[in-house]
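This report refers to the structure that appears directly beneath it.
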Amino acid sequence: KEIIEEIKELSQLNLEDIAILAWLIDSERKNYNLESLTRFFFKEKTLSAPEDYLGQFLNLAEAIKIKVSSLSLDHIWETIEKPLLPILAQMEISGIFVNKQILKHLQEEAEKEIKVLENKIYQLAQKTFNINSYQQLAEVLFKDLQLDVSTLKKTRTGKFSTDVFELTKIKDSHSIIPLIIDYRQLEKLKTAFLDPLPQFINEKTQRIHTIWKQTGTATGRLSSEAPNLQNIPSKGEWGKKIRKAFEAAPDFSFLSLDYSQIELRIASHLSLDPKMLAAFQEDKDIHTLTASLINNIEEEKVTPAMRQLAKILNFGIIYGMGAKALSETAGISLKEARKFKEEYFHDFSGLKNYLEHSLEQAKKLGYVETLFGRKRFLPLIGSLGQIGRQEERIAMNMPIQGLAADIIKLSMIKISDFIKSQNLDDEVRLILQIHDELILEVKSAIIKEIAPQLKVIMEQVMDWEVPLKAEITIGKNWGELE
DNA sequence: TCACGAGGCCAC
DNA sequence: AAACGTGGCCTCGTGA
Ligand SMILES: Nc1nc2c(ncn2[C@H]2C[C@H](O)[C@@H](COP(=O)(O)OP(=O)(O)OP(=O)(O)O)O2)c(=O)[nH]1
Ligand SMILES: [Mn+2]
Ligand SMILES: [Mn+2]
C-alpha cells in the first residue's frame with residue numbers, strides 16, 4: 001500500500017490510470033494488472049525483488065506514458081477516459097435498487113413452470129435425464145426418439161447442435177421440441193438472472209452495485225460485471241417482469257435516453273452516404289424500413305419483434321454477414337438474401353466505399369481507429385484464411401462501434417458536468433449505461449423539466465450534419481418505461 | 001475443489 | 001450455425 005501511494009505521487013498516475021492507459025495502447029488484453037503489464041512492456045524481464053517494485057512500477061508508468069503519446073492517445077485519455085473514471089466510480093456507489101420480494105416471487109413462478117415442463121419432457125422421452133446436458137439431450141432426441149438429423153448443423157467439434165435455431169427447424173417433428181425450447185428459455189432466465197441477482201443486493205443499501213469495467217472491451221465500450229447489468233432481459237413477458245424488479249427510489253423515477261439507430265447514424269456520417277444521410281434528415285427509421293422489406297408489409301404493420309430482427313440484419317449486413325447467414329436469420333431464400341445484400345449496397349454505395357476504405361486503412365497501417373483516435377490493432381489482417389477474414393470484419397466494425405462508445409462517454413461527461421453545475425447531485429443520478437442508453441434516477445418532481453435538457457445534451461454532443469436522436473422514456477421501474 | 005473449454009444464450 | 005461485431009455468465013464434462 002505504501003508503495004502504491006508513493007507511485008501515485010511520483011508518477012501522477014494511480015493504478016487504475018495505468019491500467020486504462022495500457023488498455024488504450026492494447027485494447028484486447030484480458031488483464032491489466034501490474035504483473036502482466038510489466039511482462040508485456042519489458043518483455044524479457046519479470047517482476048524483480050520486492051525492494052525494486054517501486055522502481056519497476058515507475059519505469060512501467062513512464063514507458064506507458066511514452067507509448068500513449070507516440071500513438072496519439074493523449075487526447076482520448078484527457079478528454080474521455082480520465083474524466084469518465086470518477087463518473088463510473090460514482091455510478092458504482094449509487095447502484096440500483098432491486099426489489100427482493102419481486103425477484104423471489106418470479107423465481108418461484110419460474111421454478112414451478114420449469115418443473116411442469118420437465119415432467120412433460122420426461123414423459124415424452126419415457127425416461128428422466130439432464131435436459132441441461134446437450135449431450136444427453138442429443139442422445140434422447142436423435143437416438144431414442146429417432147428424430148431426423150439430416151437438416152441439422154454440427155457444432156465445430158462435430159456433434160449435432162441443439163441450439164434454439166436448430167431445434168426450431170425440427171419443432172414440428174415431435175411435440176417434445178417446443179417444450180425443450182420453452183424449458184431452455186425459462187431455465188436461462190432463472191439460473192442467469194433470478195437466482196444470482198438477489199445475492200448481489202447489498203444488505204446496507206438494498207441496491208446492486210455492479211462493477212463498471214473501463215478496460216473490458218476491444219472497441220472502447222464499457223462492460224459491466226458482478227452482476228452484468230447490461231444484459232438484463234428485455235424481450236417478451238419475462239423480460240418485462242424481471243425489469244420491473246428494478247425500482248426507482250421513493251420520490252424518484254427512472255429516465256432513460258436511448259440513441260436512435262445509433263450506429264447507422266454514425267455510419268452515415270462517416271461514409272457521407274447520400275441516401276442514408278437523406279433518410280436521417282427526413283427522420284426515417286431504417287430498421288423499420290428493412291423489416292417492411294423483409295416481411296413484405298407496410299412500415300405501419302411492422303411489430304417490435306420484426307424491427308428487432310431487422311436491426312440484426314442491418315448491422316449484420318454492414319459488418320460482413322454472409323448470404324447464407326442472412327437468409328437463415330431473415331427466413332428468406334439464399335437467392336433472396338444475395339439479392340437483398342446486393343441491393344442494400346447498391347442503395348448505400350457510399351457506405352460500401354467507406355467500409356472498403358476502413359479495410360484498406362487496416363491493411364496499410366495494421367490498425368483501425370475511431371474519429372477520436374481510439375485504436376485497435378489488427379496484426380493478422382493480411383493473413384489468409386479464417387483469422388484474416390475475421391480481422392477484416394473487425395476492421396469494419398470497430399471504427400463505428402468504437403465511435404458510438406466515444407459519443408456516449410462524452411454525453412455522460414457532459415451530463416455529469418450539467419448535474420454539478422446546476423447543483424442537482426441530490427436530484428439527478430446516473431445509474432446505468434447500456435452502450436447507447438443512459439438510465440438516470442431523477443426526482444419525480446423535476447423529471448419533466450430535466451429530461452428534455454439531457455436529451456439536448458445527448459443530441460448535440462457531436463455537432464454533425466446528420467441529426468443524432470435520443471428517445472426518452474420514463475417510469476417508476478425499469479419494466480414500465482413509457 | 002478448482003480451472004478450463006465447449007455449447008449455449010442474455011443484452012447492446 | 002453462420003463471412004455481422006461487442007460483452008458476461010450459465011451448466012456440463014473433463015482433467016488436474
Ligand atoms: N454488430 C451488431 N451491433 C449491434 C447489434 N445489436 C445492437 N448493436 C449495436 C448497434 C446499435 O446501434 C447499438 C445500440 O443498440 P440498440 O438496441 O439501441 O439499437 P439502435 O440504436 O440501432 O436502434 P434503436 O432506434 O435504439 O432501437 O448497438 C447486433 O446484433 N450486431
Ligand atoms: Mn439505440
Ligand atoms: Mn440501446
Side-chain angles (χ1 to χ4, degrees), chain A residues 27-28 30 129-138 151-169 181 184-197 200 210-213 215-236 238-239 242-243 258-259 261-263 267 308 311-330 334 337 341 344 355 358 368 376 385-402 404-405 408 432-437:
Chain A
S27 58
E28 284 181 75
K30 287 242 150 61
F129 63 102
N130 187 347
I131 310 169
N132 296 328
S133 161
Y134 40 83
Q135 286 178 29
Q136 294 180 38
L137 179 68
T151 61
L152 289 187
K153 292 275 190 323
K154 300 263 184 87
T155 64
R156 53 200 195 104
T157 53
K159 294 174 195 129
F160 288 113
S161 167
T162 68
D163 72 20
V164 195
F165 183 80
E166 296 305 315
L167 290 182
T168 305
K169 286 206 296 212
I181 294 172
R184 278 260 180 88
Q185 196 195 352
L186 263 187
E187 175 76 7
K188 172 81 180 180
L189 295 180
K190 182 172 175 296
T191 59
F193 302 100
L194 297 174
D195 293 343
L197 276 178
F200 287 106
T210 186
I211 296 165
W212 293 104
K213 278 172 70 179
T215 59
T217 71
T219 56
R221 276 185 171 189
L222 297 177
S223 72
S224 155
E225 69 176 2
N228 183 357
L229 292 183
Q230 292 182 313
N231 76 337
I232 300 300
S234 69
K235 288 185 286 187
W238 277 91
I242 293 172
R243 287 193 172 198
D258 186 309
Y259 279 113
Q261 312 172 70
I262 185 62
E263 287 184 27
Q308 172 55 40
K311 205 182 271 188
I312 294 170
L313 303 181
N314 278 327
F315 295 121
I317 290 170
I318 292 174
Y319 300 128
M321 186 186 263
K324 184 90 170 64
L326 178 62
S327 72
E328 304 209 300
T329 307
L334 191 60
K341 268 184 73 172
Y344 199 96
L355 292 168
S358 283
V368 284
R376 180 169 182 183
Q386 204 186 309
I387 295 178
R389 289 308 176 84
Q390 192 178 342
E391 297 218 330
E392 290 179 8
R393 294 191 297 274
I394 292 172
M396 297 189 286
N397 172 267
M398 185 276 174
I400 299 174
Q401 187 182 115
I408 193 147
L432 298 178
Q433 188 256 43
I434 309 177
H435 308 304
D436 75 329
E437 175 185 14

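Throughout, a chain's letter reflects where its sequence line sits, starting with A, and its residues are numbered from 1. As the structure is a computational prediction, the values presented were derived from the model and not from experiment.
Smallest separation of non-hydrogen atoms from Gln401(A) and Thr219(A): OE1-OG1, 2.8 Å. In plain terms, the two heavy atoms of Thr168(A) and Val164(A) that are nearest each other are OG1-O, 2.6 Å.
Distance Ile400(A) CD1 to dC12(B) C1': 15 Å, rounded to the nearest Å. Atom CD in Gln308(A) sits roughly 12 Å away from atom C1' in dC10(B) (whole-Å rounding). For Ile262(A) and dA11(B), the CD1 to P distance is 21 Å, given to the nearest whole Å. Distance Ile232(A) CD1 to dC9(B) C1': 14 Å, rounded to the nearest Å. The distance from atom CG of Leu313(A) to atom P of dA3(C) is 16 Å, rounded to the nearest whole Å. If you take NZ of Lys235(A) and P of dC10(B), they are 7 Å apart, rounded to a whole angstrom. If you take CG of Asp258(A) and C1' of dC12(B), they are 9 Å apart, rounded to a whole angstrom. Atom NZ in Lys341(A) sits roughly 9 Å away from atom C1' in dC4(C) (whole-Å rounding).
The residue among Ser161(A) and Ile312(A) whose nearest nucleotide of DNA chain C lies closer to the 5′ end is Ser161(A). Residue-to-nucleotide proximity on DNA chain C shows that, of Met321(A) and Lys159(A), the 5′-proximal contact is made by Lys159(A).
Arg221(A) contributes atom CZ, which lies 14.0 Å from atom OG of Ser27(A) (distance to the nearest 0.5 angstrom).
Spacing of P atoms, dG5(C) relative to dA1(C), comes out at 15 Å, to the nearest Å. When the P atom is used for both dA2(C) and dA6(B), the distance is 14 Å, rounded to whole Å.
Two residues are said to be in side-chain contact when any heavy atoms from C-beta on lie closer than 4.5 Å; Gln433(A) and Gln230(A) meet this criterion. Side-chain contact between Trp212(A) and Leu432(A) is present, with at least one heavy-atom pair separated by less than 4.5 Å.
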Checklist entry - For every nucleotide of nucleotides 6-16 of chain C, 5' to 3': is a protein heavy atom under 4.0 Å from its base (B), only from its sugar-phosphate (S), or from neither (-)? => result BBBSSSSS---
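Between the side chain of Ser161(A) and the main chain of Lys153(A), no donor-acceptor pair closer than 3.5 Å is present.
Taking 4.0 angstrom as the limit, Arg156(A) places none of its side-chain polar atoms (N or O) nearer than this to OP1 or OP2 of dA1(C). The phosphate of dA2(C) (OP1 or OP2) has no side-chain N or O of Lys153(A) nearer than 4.0 angstrom.
Side chains of Asn314(A) and Tyr344(A): a donor on one and an acceptor on the other come within 3.5 Å.
You'll find that the side chain of Thr329(A) is closest to dA2(C), out of dC4(C), dA2(C), dG8(B). When each of dC4(C), dG8(B), dC12(B) is scored by its nearest atom to the side-chain atoms of Thr155(A), the top-ranked nucleotide is dG8(B).
Between Glu166(A) and Lys159(A) there is no salt bridge, since no side-chain nitrogen of the basic residue lies less than 4.0 Å from a carboxylate oxygen of the acidic one.
In this view, Tyr319(A) satisfies the ring pair (Phe, Tyr, Trp, His ring centres under 6.0 Å) rule with no residue, not counting sequence neighbours.
The environment of Arg243(A) atom CZ is dense: over 12 non-hydrogen atoms of other residues, nucleotides or ligands sit within 6.0 angstrom.
Annotated stems with DNA chain C as a participant read B:1-12 with C:5-16, given as range with range, by first number; only runs of 3 or more Watson-Crick or G-U pairs under 3.5 Å qualify.
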